Amino acid sequence: MTIMGAYDRWAWAYDDLIRNRNPVVELSYDWVLEVVGEWRGRQVCDLGCGQGELARRMAQRGAIVT
């Protein structure tokens, strides 16, 4: 099985974790958002962003997200 094939088999579970706001995932988002502090005006490149949930939250706080 290829790496992408293995990911495809697991992707639905990952999507559920994000969509259902899994508490562990939410804690990790909260930690990242808090540890950086001020987001307004920061330029951020979010690599490996999955569905982009963290990128959206950074943008909501004023970051310029790529």
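Just so you know, residue 1 is the first one in the sequence shown, and it goes up from there. What you see is a predicted model, and the numbers here were worked out from it, not measured in a lab.
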Sequence neighbours left out, cut at 3.5 Å: what donor-acceptor pairs do the side chains of residues 58-66 make with other protein atoms?
unit_1	atom_1	unit_2	atom_2	d
Arg61	NH1	Arg57	O	3.0

(request) Might you confirm whether atom CD of Glu34 has over 12 heavy atoms from other residues, nucleotides or ligands at distances under 6.0 Å? (result)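 Count not over threshold, so no.
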
(request) Following the transitive rule for hydrophobic clusters with a side-chain heavy-atom cut-off under 4.5 Å over Ile, Leu, Val, Met, Phe, Trp and Tyr, establish whether Val32 and Leu27 coincide in one cluster. (result)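 Different clusters: Val32 never reaches Leu27 through Ile, Leu, Val, Met, Phe, Trp or Tyr contacts under 4.5 Å.
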
(message) Are Trp12 and Leu17 connected into the same hydrophobic cluster when the rule is that any two of I, L, V, M, F, W, Y join if their side-chain heavy atoms are below 4.5 Å apart?
(response)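 No; tracing contacts between hydrophobic side chains, which count when under 4.5 Å, never links both residues.
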
(request) Would you check if the side chain of Asn20 reaches a backbone N or O of Asp16 as a donor-acceptor pair within less than 3.5 Å? (result)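 Judged by distance alone, yes, a pair lies under 3.5 Å.
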
(message) My understanding is that only one of Leu33, Val25, Ile18 makes a side-chain contact (heavy atoms from CB on, under 4.5 Å) with Leu54; could you say which?
(response)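 With Leu54 as partner, Leu33, Val25, Ile18 yield a single side-chain contact (heavy atoms from CB on, under 4.5 Å), made by Leu33.
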
(message) Working to the nearest 0.5 angstrom, can you tell me the gap between Arg19 CZ and Glu53 CD?
(response)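 Separation between the atoms: 11.5 Å.
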
